[in-house]
Amino acid sequence: KNEVEQSPQNLTAQEGEFITINCSYSVGISALHWLQQHPGGGIVSLFMLSSGKKKHGRLIATINIQEKHSSLHITASHPRDSAVYICPLQETSGSRLTFGEGTQLTVNP
Amino acid sequence: DGGITQSPKYLFRKEGQNVTLSCEQNLNHDAMYWYRQDPGQGLRLIYYSQIVNDFQKGDIAEGYSVSREKKESFPLTVTSAQKNPTAFYLCASSVAGRHNQPQHFGDGTRLSIL
């Protein structure tokens with residue numbers, strides 16, 4: 001079993017829809033990150049969470065440490081949100097990240 | 001603006017040749033990382049360095065080598081021993097010595113075998 005699993009693997013939405021991407025993990029962590037990878041390959045760091053909830057613009061990220069689960073929500077989705085979303089775990093012992101396969105999001109106009 | 005620069009964006013290698021991928025950062029970060037990404041798969045750690053003149057193997061270090069002679073630079077050499085080098089390579093950096101620091105990523109280098 002992978003240490004981090006995301007669902008769904010692929011998600012297609014219509015512009016304006018509310019989107020949720022889920023991330024479950026099975027190990028102890030010091031933090032969980034949400035990254036956005038654009039079609040060209042470049043990666044942008046969206047959030048880093050160790051508890052609770054963070055909001056930036058139309059993006060909201062939550063984490064439940066007891067349930068080992070995090071969600072990324074996108075409100076009023078737009079075609080420019082189309083990307084792969086990744087939730088790597090930060091190990092308790094240092095700065096290394098453990099990656100899952102990501103969620104491919106496509107938002108159609 | 002501070003950031004990470006990877007070059008070149010696309011790189012082609014002949015069978016049996018070594019090739020070096022460049023990664024430079026001006027964020028004053030101590031820690032730097034190299035990841036490999038294959039189609040449809042997550043990133044896998046090749047090598048990382050927490051401080052100048054020191055580096056550690058990641059999960060898939062075989063066939064790769066690195067150096068960290070300067071804080072700003074962490075070049076990755078893909079040697080002829082790497083049997084399947086075609087992949088997308090990403091470099092990242094972060095503040096070392098502390099937990100819970102975000103990693104900043106470069107735009108990546110796509111390596112292909114001719």
Side-chain angles (χ1 to χ4, degrees), chain A residues 1-10 21 23-25 27-52 54 56 59 61 63 65 70 83-105, chain B residues 2-11 21 23 27 29-51 54-61 87-112:
Chain A
K1 187 180 189 297
N2 293 333
E3 292 180 343
V4 54
E5 293 190 347
Q6 290 184 232
S7 62
Q9 287 187 319
N10 293 281
I21 298 171
C23 180
S24 296
Y25 55 93
V27 297
I29 64 171
S30 62
L32 181 145
H33 300 250
W34 280 102
L35 308 177
Q36 180 190 54
Q37 184 172 30
H38 286 281
I43 289 179
V44 174
S45 179
L46 300 175
F47 296 105
M48 183 175 63
L49 295 163
S50 54
S51 65
K54 288 188 176 180
H56 186 257
L59 303 178
I63 189 168
I65 297 294
S70 176
V84 175
Y85 292 84
I86 310 166
C87 64
L89 313 177
Q90 186 148 4
E91 299 176 1
T92 54
S93 59
S95 58
R96 287 184 55 166
L97 299 180
T98 299
F99 290 80
E101 295 180 3
T103 293
Q104 172 69 62
L105 171 65
Chain B
I4 297 178
T5 301
Q6 288 188 242
S7 61
K9 192 172 179 67
Y10 298 95
L11 189 57
L21 283 60
C23 178
L27 298 165
H29 285 167
D30 289 302
M32 297 187 74
Y33 312 81
W34 273 107
Y35 296 96
R36 168 180 172 140
Q37 187 177 37
D38 293 284
Q41 297 187 30
L43 278 70
R44 292 181 291 169
L45 183 64
I46 305 172
Y47 268 98
Y48 64 105
S49 168
Q50 301 277 37
I51 197 169
D54 187 42
F55 48 83
Q56 288 80 41
K57 292 182 179 180
D59 301 318
I60 54 165
F88 184 61
Y89 292 88
L90 278 159
C91 178
S93 71
S94 71
V95 176
R98 305 176 187 175
H99 295 299
N100 302 349
Q101 294 295 328
Q103 289 190 11
H104 297 252
F105 288 84
D107 289 334
T109 294
R110 291 196 185 277
L111 175 63
S112 300

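Lettering follows sequence order; numbering is per chain, from 1. Note that the coordinates shown come from a computational prediction; the quantities given were computed from them, not determined experimentally.
- For B:A87, the side-chain contact (heavy atoms from CB on, under 4.5 Å) test picks out B:R36, B:D38, B:Y89, with sequence neighbours left out.
- With a 4.5 Å cut-off on side-chain heavy atoms, A:L97 and B:L43 do not count as touching.
- With a 4.5 Å cut-off on non-hydrogen atoms, A:I29 does not touch chain B at all.
- Residues B:Q37 and A:I43 fail the side-chain proximity criterion, which asks for heavy atoms closer than 4.5 Å.
- Neither the backbone nor the side chain of B:R44 comes within contact range of chain A; no heavy atoms are under 4.5 Å apart.
- Judged as a side-chain contact (heavy atoms from CB on, under 4.5 Å), and not counting sequence neighbours, the contacts of B:D54 are B:I51, B:Q56.
- Interface remark: A:Q104 contributes no atoms to any contact with chain B (heavy atom separation under 4.5 Å).
- Residue B:D59 holds its CG atom at 7.5 Å from OG1 of A:T98, rounded to the nearest 0.5 Å.
- Atom CD of A:Q90 and atom OG of B:S94 lie 7.5 Å apart (nearest 0.5 Å).
- For the atom pair NE2 of B:H104 and OG of A:S45, the computed distance is 7.0 Å after rounding to the nearest 0.5 Å.
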